[in-house]
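Structure first, commentary second.
Sequence lines set the chain letters: A, B, ... in the order given, protein chains first and strands last, and positions in each chain run from 1.
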There are 2 protein chains.
Amino acid sequence: MKQPKVTVVDVAHAAGVSKSTVSLVLQGSSLVNEATRARVGAVIRELGYVYNRGAANLRQSKSKIVGIVVNDLTNSFFAELAVGMDMVVQSAGYIQFMANTSENADRQGEVIASMREHGMAGLILSPARGTTAADLRPLVDSGIPVVLVARNVPGLKVSSVVSDGHAGAAAAVRHLIELGHRRIAFLGGFNDTAVFDERMRGFRDALLEAGLDASDELVISSAPSRAGGVAAVERMLAMRDRPTAALCFNDAVAFGACDGLRSARIEPGVDFGVIGFDDVIEAKTAVPALTTVSVDPQGMGRRAAQLLLKQINAGDFDAEAMVAAVRLVVRESCGAPQRVRELTA
Amino acid sequence: MKQPKVTVVDVAHAAGVSKSTVSLVLQGSSLVNEATRARVGAVIRELGYVYNRGAANLRQSKSKIVGIVVNDLTNSFFAELAVGMDMVVQSAGYIQFMANTSENADRQGEVIASMREHGMAGLILSPARGTTAADLRPLVDSGIPVVLVARNVPGLKVSSVVSDGHAGAAAAVRHLIELGHRRIAFLGGFNDTAVFDERMRGFRDALLEAGLDASDELVISSAPSRAGGVAAVERMLAMRDRPTAALCFNDAVAFGACDGLRSARIEPGVDFGVIGFDDVIEAKTAVPALTTVSVDPQGMGRRAAQLLLKQINAGDFDAEAMVAAVRLVVRESCGAPQRVRELTA
DNA sequence: CTGTTAGCGCTTTCAA
DNA sequence: TTGAAAGCGCTAACAG
């Protein structure tokens, strides 16, 4: 079955023109006679010629390959992110080396190295946990555009797209206040992480802004998991001055909190306000009435990809850090019609 | 920042050897003196040389690029599938062009064409709905190994890895029989599809094999959706000789069936046997007690990737259709310890 | 064991 | 408008 691979010379020969004419046709150059173009086109189809982009890349020393490296495709948030990037990259006529690192920084290093060897034009990276600036420095210094997405790598001056946890948390709290809640808790998350800090500060700031209690006892940290959510909500229910609503660190915690509330015969979203942070896909399934603060991962992906393509096309664009924050949205689905409030960062 | 890209000649020069010696070192050839190798290695690191795999591919006219094209990365089943492929492909020293087609056959055609131009060594495809044998024929005829996964394309003689619906359904039914059920229904799915037919026949064969009733009224088809599941289970509950258990066409139907049972104050998995087909991720979340028949998508992906690599390494291996069916597993989670029965295809 | 010499398939001046 | 020739970075004979 192996076709004796047909090249430009074969096409040229069969069409009775020279290599370079064929090359021009392939590039859609307007310097070539219409009749010739048609003939060449016909021959190409007839011979089943396939363009060898590798050879072209070699000659031009540039490619239309972009790397997309994601920490965990198994997580639907990051899968959506990847799909978003994929869409704009494909539509722009680029092709992607896409790889999953499973949160393994070593693996990440390997795939990025491999992509470099293949001459990628740029990289969008959702870094694996534990990625350091040093890991990425050589790549960045080589002048290949890099855009970080979803997570930042401290100390690295490259463009990035991350969500604004402070604004999102504040928006969520304001929403709960509008609904009439006066005592609101913050549940879940390890309190020694940057993300926790950011969201928790948004929570507190909004409370203070409204003149409400924002004392430390309202912040109940726990593992950022479903079990952690159960634990946190139980501690909260045991408080003497029990809150009437809570903002949860993430989807898993929100889910756990709902579990805990139900065990206590409290219907989440009805008898008690719960807002889950992040993409609350799983939790939404189980608790359709849940209000959520979420970032649209696909949109985030698209935005990151656009940013990268812009840099690639700008030639050597010595990236001044250009950090873009993504809007967070409070989605409410308690009522019949979905109300959506968009809040700028 | 643009490094004046260093090539083998630069390295050779700096190390005081010739191009080919450097090339040999790069390929880990044993024909080169240990001292030389070390010196060259040092220079490579020092100069920050990066191997140009594109040039090598051009010269050798072969590559270590495999295409992975998936119909819907947003669906966790296919995301897992992709991750499985990714793992084995990466570990084998290959790199993947991975793309999402969003069930769009045209897009699929474009990305595959693009991958061909880039000289991919082989393709693993989870085809978009509506993919025809004709779409893939040119690629297959060109001699590039192709492996189909998760879905088959009728009329195309290539290797594929799909799940065995007949065996899976039969296993599920036998499981219900073991639990003491004697009247079992099959719920959901459009009865004019091949998948439906396969699963339904497995259902019926197992029933007949056990000498139980397998009459047509026990098969209640409906849309393969959550709503369809509700509808089907309602029709079933209205039967005079009401079944005590059901096998559902897929996860969505199982989910809907549980909804319907609950509305009728019947606790699924406790008062009524329900088995969901497919990956029952969502339904499992909502009904932890649900027993499921499922194929391990990651395993399926790994298997497909192995199959492809085997073909690639076999040189031109004129693929006789070599269809591998993946085992389906009945997973039970009613009891505390998870019991897993594996059934061969 | 190392150097020389041709290309892989394509693009790109530079002439015709 | 088209053709001839040079070369992108690498590998693969074949000599030395």
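Atom pair B:Asn57:CG and D:dC10:P shows a separation of 12 Å (rounding to whole Å applied). Atoms OH (A:Tyr51) and C1' (C:dC8) sit 15 Å apart, rounded to a whole Å. Distance B:Asn52 CG to D:dC8 C1': 9 Å, rounded to the nearest Å. The NZ atom of A:Lys19 sits 9 Å away from the C1' atom of D:dA6 (whole-angstrom rounding). Look at CZ on A:Arg39: it is 15 Å from P on D:dT1, rounded to the nearest Å. Nucleotide D:dC10 holds its P atom 9 Å from the CG atom of B:Asp10, rounded to whole Å. Distance B:Leu31 CG to D:dT11 C1': 14 Å, rounded to the nearest Å. Rounded to an integer number of Å, the gap from A:Glu117 CD to D:dC10 C1' is 13 Å.
A parallel orientation is assigned to the rings of B:Phe97 and A:Phe97, their planes being inclined by less than 30° (bins at 30° and 60°).
Summarising the geometry, atom CD belonging to A:Glu103 is positioned 6.0 Å from atom OG1 belonging to A:Thr101; distances are rounded to the nearest 0.5 Å. With values rounded to the nearest 0.5 angstrom, A:Gln298 atom CD is found 11.5 Å from A:Phe77 atom CZ. Here CG of A:Leu307 is found 11.0 Å from CG of A:Leu148. Values are rounded to the nearest 0.5 Å.
For D:dC8, neither phosphate oxygen OP1 nor OP2 lies less than 4.0 angstrom from any side-chain nitrogen or oxygen of A:Gln60. OP1 or OP2 of C:dT11 has at least one side-chain nitrogen or oxygen of A:Ser23 nearer than 4.0 Å. Contact annotation: B:Gln27 does not reach the phosphate of D:dC10 (side-chain N/O to OP1 or OP2, under 4.0 Å). A sub-4.0 Å separation between OP1 or OP2 of D:dG9 and a side-chain N or O of B:Thr7 is absent. Between A:Thr21 and D:dT1 there is no side-chain polar atom (N or O) within less than 4.0 angstrom of OP1 or OP2.
Checking C:dT2, D:dT2, C:dG9 against the side-chain heavy atoms of B:Leu58 singles out C:dG9 as nearest.
Under 3.5 Å, the side chain of B:Arg59 and the base of C:dG7 form at least one donor-acceptor pair of N or O atoms. For B:Ser20 and C:dT4, a side-chain-to-base donor-acceptor distance below 3.5 Å is present, hydrogens and geometry of angles not being considered.
The residue A:Val32 sits close only to the backbone: its heavy atoms come under 4.0 Å of sugar-phosphate atoms, none of a base. When heavy atoms are screened at a 4.0 angstrom cut-off, A:Val17 is found touching the sugar-phosphate backbone but no base atom.
Between A:Glu34 and A:Arg37, at least one side-chain N (NZ, or NE/NH1/NH2) sits under 4.0 Å from a carboxylate O, which counts as a salt bridge.
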